[in-house]
Amino acid sequence: LVGGLLDLAKIEKGRLELHVEPLDIQSIAARSIETVQADATAKQISLLLEATEALPRAGGDNDRVEQIILNLLANAIKYTPPEGTVLLRLPAGNDTELPKALAQSPSPMIFISVRDSGPGIPADKREAIFEKFVQLENSLTRQQSGAGLGLAIAKAMVDAHGGRIWVHDTAGVGSEFVFALPVLSEEEALVRAMEFELEAARRANYRLGLAYLRFGLEADYAYSESLVRAQTSRRDRLLRVAGDHAFAVVLRDVTEEQA
C-alpha cells in the first residue's frame with residue numbers, strides 16, 4: 001500500500017524516473033505469468049499466454065511495464081471465478097476494441113491485453129475503476145483484501161510512458177483490459193539502447209565511486225584509530241616512566257633525609 005501510494009505521488013508530481021529502453025515484451029510477459037501462476041493455480045484458474053513471435057519493439061521502462069502487466073493479471077485473477085480463464089495476449093487480438101483516437105492515430109503502437117472470464121464491468125464504472133481506492137465489490141472479492149490501487153497505478157504508469165489504457169466488455173461475460181505503448185523505429189530503438197547502456201554505465205560508475213569513497217573513509221578511520229591507539233599507548237608508557245622516575249626521586253630524598 002505504502003509503495004503504491006509513493007509511486008502514484010511520484011507520477012502525479014512528475015518525479016517518477018523512467019529508464020527507457022527497447023523492450024522484450026515476450027520476456028516481460030513470461031516473467032509476469034510465472035510470478036502470478038501460484039495465485040491462479042490456488043483458484044484453479046487457467047492462466048494463458050498468447051504471443052506472436054515477431055512483435056514491434058516498444059520503448060519503456062522494463063520494471064514499470066512488468067508492474068503494469070502484473071497489476072492487470074492480479075486484477076483479472078481476483079475477479080475470475082474458480083475454473084475460469086485469464087488470457088494475456090501479445091499483441092491484443094484483431095477483435096480488440098480500440099478507442100477511436102488510437103485507431104486513427106498515425107503513431108505506431110503495440111497493444112497488450114489481459115482478458116478474464118469474470119462478471120464484467122458495468123459501462124458506467126469503466127472510467128471510475130482507474131481511480132484510486134475504487135473497487136467493484138461482488139461475491140468473488142468480498143473475502144479478499146485489496147486497497148484499490150492496482151489499476152490506478154497501472155494507468156498512471158501507462159500514461160507516464162505516453163500510452164493509453166482502457167477496458168471493454170459485455171457485463172456478465174468478462175472484461176478485457178488493454179494498454180498501448182509507443183513503438184520505436186529502428187533508429188529510435190538503437191538510440192534508446194545506447195542511451196540506456198550509457199545511463200547504466202553512469203550509474204555503475206557512480207556506485208563504484210561510492211564504494212571507493214566508502215573504502216577510503218573506512219581506511220582513513222582505521223588508520224586514524226590505529227594512530228590514536230599508538231599515541232595513547234606511547235602516552236601511557238611515558239606516564240609510567242615519569243611516574244617511576246618521580247617515585248625514585250622521592251624515595252631517594254626520603255632516604256637521604258633519614259640518613
Side-chain angles (χ1 to χ4, degrees), residues 3-33 35-36 49 51-52 54-76 88-93 96-115 126-127 129-132 134 149-168 175-200 202-203:
L5 287 173
L6 288 175
D7 283 338
L8 281 173
K10 288 179 182 178
I11 294 171
E12 290 169 354
K13 294 179 180 179
R15 295 178 181 175
L16 182 70
E17 187 176 0
L18 296 178
H19 302 292
V20 179
E21 61 177 314
L23 298 173
D24 183 351
I25 295 292
Q26 291 98 327
S27 295
I28 295 174
R31 288 198 306 271
S32 301
I33 289 287
T35 299
V36 299
L49 172 60
T52 58
L55 285 174
R57 185 72 79 171
D61 185 299
N62 187 86
D63 293 337
R64 300 302 185 178
V65 171
E66 184 170 347
Q67 187 174 359
I68 294 167
I69 295 176
L70 283 172
N71 285 8
L72 295 181
L73 287 173
N75 182 75
L88 171 58
R89 297 200 294 178
L90 311 171
T96 297
E97 179 183 329
L98 300 181
K100 186 176 180 180
L102 281 180
Q104 298 176 350
S105 174
S107 302
M109 308 283 280
I110 181 172
F111 301 96
I112 301 161
S113 74
V114 175
R115 176 176 289 184
R126 294 177 193 170
E127 292 293 331
I129 58 172
F130 291 108
E131 297 176 6
K132 288 181 288 188
V134 172
L149 289 175
L151 294 179
I153 292 172
K155 182 181 187 305
M157 290 190 175
V158 170
D159 291 344
H161 281 82
R164 287 281 303 277
I165 187 171
W166 67 97
V167 60
H168 66 87
S175 304
E176 183 175 32
F177 286 82
V178 189
F179 70 97
L181 293 176
V183 170
L184 300 176
S185 66
E186 291 186 7
E187 293 79 8
E188 288 173 327
L190 179 61
V191 170
R192 286 294 189 181
M194 293 177 63
E195 289 176 345
F196 182 80
E197 292 297 331
L198 288 172
E199 177 63 17
R202 185 191 68 79
R203 292 196 301 270

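Given the structure is predicted, the values throughout are model-derived calculations rather than measurements.
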**Q** Of all the heavy-atom pairs spanning His168 and Trp166, show the shortest one and how long it is.
**A**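 Shortest heavy-atom contact: CD2-NE1, 4.0 Å.
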**Q** Knowing that exactly one of Leu23, Asp24, Ile28 qualifies, which makes a side chain to side chain contact (heavy atoms under 4.5 Å, CB included) with Gln26?
**A**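 Only match with Gln26 under side chain to side chain contact (heavy atoms under 4.5 Å, CB included): Asp24.
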**Q** State, to 0.1 Å, how close Phe130 and Leu151 come at their nearest heavy-atom pair, and which atoms those are.
**A**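 The pair with the smallest heavy-atom distance is CD2-O, 3.7 Å.
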**Q** What are the two closest non-hydrogen atoms of Leu49 and Ala29, and how far apart are they?
**A**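 Looking at all heavy atoms of both residues, the shortest contact is CD1-CB, 3.9 Å.
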**Q** Specify the closest pair of heavy atoms between Val178 and Ser113, including all atoms of both residues, with the distance to one decimal.
**A**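 In terms of heavy atoms, the two residues are closest at CG2-CB, 3.9 Å.
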**Q** Checking Glu176 against Arg89 for the side chain to side chain contact (heavy atoms under 4.5 Å, CB included) test, could you report, in this order, the C-alpha distance in whole Å, the side-chain angles of both residues, the deciding distance, and whether it holds?
**A** CA-CA 10 Å; Glu176 183 175 32; Arg89 297 200 294 178; 3.0 Å; yes
**Q** Quick one: closest heavy-atom pair of Met109 and Gly162, and the distance?
**A**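 Nearest heavy atoms, Met109 then Gly162: CE-O, 4.4 Å.
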**Q** So, taking the atom named CD1 in Ile129 and the one named NZ in Lys155, what distance separates them when rounded to the nearest 0.5 Å?
**A**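 It is 11.0 Å, given to the nearest 0.5 Å.
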**Q** Nearest 0.5 Å, what's the CD1-CG distance between Ile68 and Asp61?
**A**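 Here the rounded value is 9.0 Å.
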**Q** Given Ile33 and Ile69, is the side chain to side chain contact (heavy atoms under 4.5 Å, CB included) satisfied, shown in steps?
**A** CA-CA 9 Å; Ile33 289 287; Ile69 295 176; over 6 Å; no
**Q** Does His161 reach the main-chain N or O of Pro182 with its side chain, forming a donor-acceptor pair under 3.5 Å?
**A**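 A pair under 3.5 Å: no.
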**Q** Once rounded to the nearest 0.5 Å, what's the spacing between atom CD1 of Ile25 and atom CD of Glu66?
**A**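 Answer rounded to 0.5 Å: 10.5 Å.
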**Q** Which heavy atom of Ala58 sits nearest to which heavy atom of Leu181, and what is that distance?
**A**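 What the structure gives for the nearest pair is CB-CB, 4.3 Å.
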**Q** I would like to know whether Ile110 and Leu90 meet side chain to side chain contact (heavy atoms under 4.5 Å, CB included); could you show each step before the answer?
**A** CA-CA 8 Å; Ile110 181 172; Leu90 311 171; over 6 Å; no
**Q** With side chain to side chain contact (heavy atoms under 4.5 Å, CB included) as the criterion, how do Ile112 and Leu72 come out once you've worked through the C-alpha distance, each side chain's angles and the decisive distance to 0.1 Å?
**A** CA-CA 11 Å; Ile112 301 161; Leu72 295 181; over 6 Å; no
